[in-house]
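This report refers to the structure that appears directly beneath it.
Not measured: the values here are computed from a predicted model. All residue numbers refer to positions in the sequence shown, counting from 1.
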Amino acid sequence: MNESKIERTTGGNWFERHLSAIIIAVFAIQPFMDMLSFLVDEKGLSNTVTLGLRFAVLFFVGLLGFCLSHKKKYYLIFAGACVIVLAGHIAACMGQGYLDPVGDISNFVRVAQMPLFAMCFITFLRRGEKPYKAIETGIALNFIIITVSVVFSVVTNTYRHTYIENNLGVLGWFATSNAQSSIMSILTPLVVLMAYRTKKNWLLALTTVAAFAQLYFLGTRLAFMSMAVTVAGLVIIMLLKKSFKWKPVVIVAACFLVCCAFVKQSPMYQNQAVYNQVMSSKQNDADVMMSWQLEDGQDFSKIDWSKLTPTEKKDILTVIYTYYNTKHLVNRYGIDKVLGAYNYTHTITDITGTRHQKIIFCQLLMDEQDSTLSRIFGMELSRMSFEGKNYDVENDFHGVYFLYGWTGLALMMAFLGYFVYLIIRALIKDWKKYFTLEAGAFGMAFCIAMVYAYNTAGVLRRPNSSFYLSILLAVIYYLTVIKDYGENRLEEIEQ
């Protein structure tokens with residue numbers, strides 16, 4: 001075996017001998033930290049303890065990875081990159097007046113956690129197959145812990161709703177819907193294909209029911225997407241591996257079809273129906289208010305909007321932009337800048353959409369600062385709040401840009417892109433060898449994670465869900481670079 005890739009651990013210190021147990025313990029503590037955060041949030045307490053606990057786990061894993069690694073220079077390069085970005089970010093914030101340095105730097109550590117965890121688990125996986133088996137055990141264990149906790153939360157009627165305002169969805173004893181939805185969506189294809197690998201159809205059925213039921217009752221659109229991806233992925237893997245089996249496909253597909261059959265009873269559908277009804281009512285109200293601004297009692301719906309001048313549009317739109325939740329943006333930046341940012345739209349779904357609104361707030365904040373340093377290294381998190389509302393964007397890639405500028409976004413994209421490159425390179429070299437059941441499962445989970453990162457703020461910048469992305473990246477490296485397939489492997493790409 002190539003010793004440069006698989007580092008033998010015969011003997012070694014206590015941590016090396018118990019590495020598999022440590023990995024499982026690090027996994028197991030994740031859902032319990034999430035439930036502790038939920039309890040703290042429910043009681044209205046400070047998150048200092050939970051945040052400190054997460055940082056302690058990060059410090060322990062980071063230190064362990066550094067000490068066990070024979071490629072320490074890569075950890076030092078990573079630390080150097082973090083110092084440069086953080087120093088530039090602090091300089092940019094100080095140029096605008098630093099409001100909360102401690103909170104801002106703590107948030108930076110949350111973002112840096114994901115690549116650091118990935119590096120550490122790559123180091124662990126260099127110890128051979130046992131750490132990989134420990135990771136699989138950790139994935140299954142966390143799925144069981146989460147599932148049992150959700151069941152108990154429902155039985156005791158102490159669960160939090162996914163959509164709190166409408167009392168819809170089952171989030172369980174977890175605080176953040178986007179993060180928990182992403183975690184379950186990432187775990188689902190992994191545990192379903194792990195169950196399929198056992199060739200025990202009863203276990204596959206039980207696992208799929210448990211996973212799909214949680215995604216169904218979570219009630220997010222991306223959760224439903226994850227179920228569809230899991231079904232389609234299983235079929236594609238079987239076809240490409242020429243090992244198609246009807247029973248497993250029927251089991252998984254039947255679970256998905258049941259969810260589809262009752263989609264109108266799902267929290268997702270009901271919440272969307274409520275949203276559409278509210279938006280329709282608000283649009284009718286807005287049309288009436290805008291009609292009041294027209295001369296001679298004209299009907300707003302009958303005017304040619306494209307022929308109006310910006311001044312005429314402003315006279316009509318000001319009433320609704322200062323009435324709905326965009327009024328906070330108007331108070332902060334003025335009506336002219338807000339109308340320009342919204343391109344003078346009169347569509348209520350665009351005006352009141354939370355995700356779009358937060359992006360506009362941060363875009364206007366970046367323009368207001370008008371600082372090259374801010375565009376390169378980002379803005380302070382505390383400045384993304386106004387009149388008691390938090391405008392930190394709900395899209396991870398946008399969030400990385402606004403917080404850490406083009407530098408932070410470029411580094412994050414390069415880091416993630418490297419693992420995409422590994423996947424493509426392996427498949428081009430010998431797809432029959434590298435496209436295994438495990439590769440398909442982790443590939444599906446990675447694609448799901450990237451969709452969540454693009455559409456929500458639930459992956460790259462959340463310490464709980466970003467942990468699972470770190471695992472996906474580490475396993476991708478293991479499967480494409482480290483693992484011994486019993487024949488010629490890819491040339492080494494050192495950690």
Side-chain angles (χ1 to χ4, degrees), residues 1-30 54-86 108-139 411-412 414-423 425-426 442 446 460 463 466-485 489-495:
M1 184 174 288
N2 189 336
E3 290 293 330
S4 64
K5 290 185 180 181
I6 303 295
E7 300 166 354
R8 295 187 180 278
T9 58
T10 303
N13 59 39
W14 186 90
F15 293 102
E16 290 178 308
R17 295 195 303 272
H18 297 85
L19 183 58
S20 293
I22 292 172
I23 289 173
I24 294 172
V26 170
F27 264 88
I29 198 174
Q30 300 299 319
R54 291 189 187 278
F55 283 174
V57 173
L58 176 62
F59 178 79
F60 170 76
V61 174
L63 183 61
L64 181 61
F66 178 78
C67 292
L68 294 183
S69 177
H70 294 286
K71 305 293 180 182
K72 291 182 173 59
K73 66 179 181 180
Y74 293 101
Y75 284 87
L76 298 177
I77 291 172
F78 171 73
C82 287
V83 168
I84 292 172
V85 174
L86 183 58
F108 177 82
V109 175
R110 293 182 182 184
V111 179
Q113 169 187 292
M114 186 274 290
L116 178 57
F117 265 142
M119 291 177 63
C120 293
F121 276 94
I122 288 173
T123 295
F124 301 156
L125 287 166
R126 286 184 180 279
R127 281 347 198 230
E129 191 175 1
K130 286 185 178 180
Y132 174 73
K133 294 298 183 183
I135 286 176
E136 285 197 344
T137 302
I139 289 170
L411 289 173
M412 181 64 76
F415 185 78
L416 295 172
Y418 171 71
F419 294 92
V420 175
Y421 160 73
L422 288 180
I423 295 171
R425 195 181 75 137
F442 281 94
F446 176 68
L460 299 181
S466 68
F467 170 81
Y468 295 92
L469 176 58
S470 303
I471 299 303
L472 298 180
L473 298 178
V475 171
I476 287 171
Y477 189 95
Y478 171 76
L479 294 175
T480 58
V481 177
I482 299 174
K483 184 178 180 179
D484 184 1
Y485 289 89
R489 294 166 292 172
L490 291 174
E491 65 268 20
E492 181 176 7
I493 299 178
E494 293 291 357
Q495 178 187 351

What's the separation between atom [atom1] in [X] and atom [atom2] in [Y], rounded to the nearest 0.5 Å?
{"X": "Ile423", "Y": "Tyr418", "atom1": "CD1", "atom2": "OH", "answer": "11.5 Å"}
{"X": "Leu64", "Y": "Leu19", "atom1": "CG", "atom2": "CG", "answer": "6.5 Å"}
{"X": "Phe124", "Y": "Leu68", "atom1": "CZ", "atom2": "CG", "answer": "6.0 Å"}
{"X": "Ile29", "Y": "Ile24", "atom1": "CD1", "atom2": "CD1", "answer": "14.5 Å"}
{"X": "Ile135", "Y": "Leu125", "atom1": "CD1", "atom2": "CG", "answer": "4.0 Å"}
{"X": "Leu416", "Y": "Leu411", "atom1": "CG", "atom2": "CG", "answer": "11.0 Å"}

Residue pair [X] / [Y]: nearest heavy atoms and the distance that separates them:
{"X": "Gln113", "Y": "Pro463", "result": "NE2-O, 2.7 Å"}
{"X": "Phe78", "Y": "Ala112", "result": "CZ-O, 3.6 Å"}
{"X": "Ser20", "Y": "Ala134", "result": "O-CB, 3.6 Å"}
{"X": "Gly62", "Y": "Cys120", "result": "CA-SG, 3.5 Å"}
{"X": "Ala118", "Y": "Ala474", "result": "O-CB, 3.8 Å"}
{"X": "Ser466", "Y": "Leu460", "result": "CB-O, 4.1 Å"}

Ignoring hydrogens and geometry, is there a side-chain-to-backbone donor-acceptor pair from [X] to [Y] under 3.5 Å?
{"X": "Tyr485", "Y": "Leu479", "result": "yes"}
{"X": "Arg126", "Y": "His70", "result": "no"}
{"X": "Thr480", "Y": "Ile476", "result": "yes"}
{"X": "Gln30", "Y": "Val26", "result": "yes"}

task = Decide side chain to side chain contact (heavy atoms under 4.5 Å, CB included) for Lys483 and Tyr132; before the verdict, give the C-alpha distance in whole Å, the side-chain angles of both, and the deciding distance to 0.1 Å.
result = CA-CA 10 Å; Lys483 184 178 180 179; Tyr132 174 73; 5.9 Å; no
inquiry  = Just to verify, what does Ile77 make a side-chain contact (heavy atoms from CB on, under 4.5 Å) with, not counting sequence neighbours?
reply    =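 Testing Ile77 for side-chain contact (heavy atoms from CB on, under 4.5 Å), a comparison that skips the adjacent residues, returns Tyr74.
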ask   = Please walk me through it: do Val85 and Phe108 pass side chain to side chain contact (heavy atoms under 4.5 Å, CB included)?
value = CA-CA 10 Å; Val85 174; Phe108 177 82; 3.9 Å; yes
request  = Give the ring-plane orientation class for Phe467 versus Phe27, where under 30° counts as parallel, over 60° as perpendicular and anything between as tilted.
outcome  =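 Taking Phe27 first and then Phe467, their aromatic rings stand perpendicular (interplane angle over 60°).
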inquiry  = Is the shortest side-chain heavy-atom distance between Phe446 and Val420 below 4.5 Å?
reply    =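 When only atoms from C-beta onward are counted, Val420 and Phe446 do touch, with a gap below 4.5 Å.
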key: Heavy-atom side-chain proximity of Phe15 to Leu63 below 4.5 angstrom   =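 They are not in contact (no side-chain heavy atoms under 4.5 Å apart), so the answer is no.
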query = What's the verdict on side chain to side chain contact (heavy atoms under 4.5 Å, CB included) for Ile23 and Phe121, showing C-alpha distance, side-chain angles and the deciding distance?
reply = CA-CA 9 Å; Ile23 289 173; Phe121 276 94; 3.9 Å; yes
ask   = Just wondering, are more than 12 heavy atoms of other shown residues or ligands nearer than 6.0 Å to NZ in Lys72?
value =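 Yes, the 6.0 Å shell around NZ holds more than 12 heavy atoms from other groups.
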task = Take Leu473 and Phe442 through the side chain to side chain contact (heavy atoms under 4.5 Å, CB included) test and state the conclusion after the steps.
result = CA-CA 9 Å; Leu473 298 178; Phe442 281 94; over 6 Å; no
task = Can you tell me which residue pairs pass the salt bridge (charged side-chain N to carboxylate O under 4.0 Å, His left out) test with a partner in residues 54-63, sequence neighbours excluded?
result =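 For residues 54-63: Asp34-Arg54.
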